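Structure first, then comments.
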There are 2 protein chains.
Amino acid sequence: MRMGRPREFDAEMALDQAMEVFWRHGYEGATIAQLTEAMGINPPSLYACFGNKEGLLKAALDRYTKLRGAWMEEVVAAATARDVAERMLMGIADKQTDPANPPGCLLVQGGIACGTGSENVPFELAARRAQNEDQLRDRFVRAKAEGDLKSTSDPAALARYVSAVSVGMGVMASSGADREALRQVADVAVQAVEAQSARK
Amino acid sequence: MRMGRPREFDAEMALDQAMEVFWRHGYEGATIAQLTEAMGINPPSLYACFGNKEGLLKAALDRYTKLRGAWMEEVVAAATARDVAERMLMGIADKQTDPANPPGCLLVQGGIACGTGSENVPFELAARRAQNEDQLRDRFVRAKAEGDLKSTSDPAALARYVSAVSVGMGVMASSGADREALRQVADVAVQAVEAQSARK
DNA sequence: CCACATCTGTAGTGAACACTACATATTTGG
DNA sequence: CCAAATATGTAGTGTTCACTACAGATGTGG
């Protein structure tokens, strides 16, 4: 098997840069010129490595969810449903206002509505958000089984609620909300989960 | 004063059609060709009437917020902070899944992230969302003064919370969540406001 | 050192975009 | 009926977009 000339850039480092461009400008707003410049490569290298613009987005999303996957494990490891919600939402308040990243969440900023030819981008993002929601739901199912949540609680609805608040906070962060403002939202939001807890 | 040839289309009806295109595809995803076709006019008529694409968006946003303004009045007319939140969020669950409109909310679908040259579109949308939030905050300030909310409650934080949930629900609606799912989210969300109520 | 495979940089490609020049049509004021 | 003013439809304009042809560079296997 012949090997040919080796690639001169690091694919993961390049992906990190692409991720940031999509994060800041959205899928449609990000241009190949911006992406290649941020990645430090030329268009042919991008297309040889990732197929096309949408392939690059998917690779960036994979990397994003992989990085966040470890954190989500910490979140669902909290002792109670209430603590899961608090750890999740407070963590999001911090992450979405971390100056090391663009504000908000890539799974929202990436593209909520797209034009003709990119219709599946919003679906792709929604599918990744749904993964987080499923993880939360499973955790809340367990919490209900453990008697941590009321017997009348709906774990799926609770997970969807926490997911909705997360998304809403992401949009606010991207439009300038600061960390303190998001933490206040998280603080109020947790009280709804608390109201579903079996023990006061 | 010379009058010239009168316009052959109704500006408000044309705006309604443009609004729907922006709502479905976002600002960047909507093309002038799609807009003119939906509006039933040709590009020169569009530019003569609205200036440019961004001017058309602003006009559509004005119309959208005007239409929703009446409904917001009903929302804040509810008797208690809790009822305000419930009326708001349940109404949003219904509106965002109304088959007469595209799913979700124009103030979110319009554009959360945009590319170079459209940077102020997200700001424009955020400003309109902030108007609703201010309206809610004023209502919650009153609720606190009336003793309806606890003396420890933060009306601004509560308003920001309800606004965040609304936005999150909008994103969910646009990615396929049905009315029942959104109502469940609203139901949970209201409990946080209930927890801030003075009387159980 | 050679044949081949893969990568890289330059320099484009056609298509789609927002926007407009211009000729024509339809109104009002005199 | 004429002149000025505004609207309309046709048919473009230049620009930017995602994407690629191609030639040269750099590696591996024999």
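Predicted, not measured: the structure shown is a model, and the values here were computed from it. Lettering follows sequence order; numbering is per chain, from 1.
- For the pair A:L56 CG and D:dC19 P, the computed distance is 10 Å after rounding to whole Å.
- A:E54 has its CD atom 19 Å from the P atom of D:dC17, to the nearest Å.
- One atom, CD1 of A:I41, and another, P of D:dC19, lie 14 Å apart when rounded to the nearest Å.
- Distances shown here put every side-chain N or O of B:S45 at or beyond 4.0 Å from the OP1 or OP2 atom of D:dA7.
- Judged by closest nucleotide on DNA chain D, B:R7 is the one of B:R7 and A:I32 placed further toward the 5' end.
- B:R82 places no side-chain N or O within donor-acceptor distance of the main-chain N or O of B:V193, the cut-off being under 3.5 Å.
- Atom C1' of nucleotide C:dA16 and atom CD of A:E28 are separated by 13 Å, given to the nearest angstrom.
- No hydrogens or angles were tested; on distance alone, a donor-acceptor pair under 3.5 Å links the side chain of A:R5 to the base of D:dA25.
- Going from atom CZ of A:F9 over to atom OG of A:S45 covers 5.5 Å, rounded to the nearest 0.5 Å.
- In this structure, the NZ atom of A:K53 is 12 Å from the C1' atom of D:dC19, given to the nearest Å.
- Residue B:P6 is classed as a sugar-phosphate contact, given heavy-atom separations below 4.0 Å to backbone atoms only.
- The residue among A:T116 and B:P44 whose nearest nucleotide of DNA chain C is located toward the 5' end is A:T116.
- Taking atom CG on A:L35 and atom P on D:dC17, their separation rounds to 11 Å, with Å as the unit.
- Of the possible polar contacts, none joining the A:K95 side chain to the A:C105 backbone as a donor-acceptor pair under 3.5 Å is found.
- Remark: P of C:dC19 and CG of B:N42 are 16 Å apart, rounded to the nearest angstrom.
- Counting only distance, with no hydrogens or angles, the side chain of B:D98 and the backbone of B:A100 share a donor-acceptor pair below 3.5 Å.
- Between B:A33 and B:E8, the residue anchored closer to the 5' end of DNA chain C is B:A33, taking for each the nucleotide with the nearest heavy atom.
- Put simply, the side chain of A:Y161 never gets that close to the backbone of B:V165: no donor and acceptor are under 3.5 Å apart.
- Straight-line distance from the OH atom of B:Y47 to the P atom of D:dG12: 19 Å, rounded to whole Å.
- Here the side chain of A:M3 is nearest to one of D:dT28, C:dC19, C:dT8, namely D:dT28.
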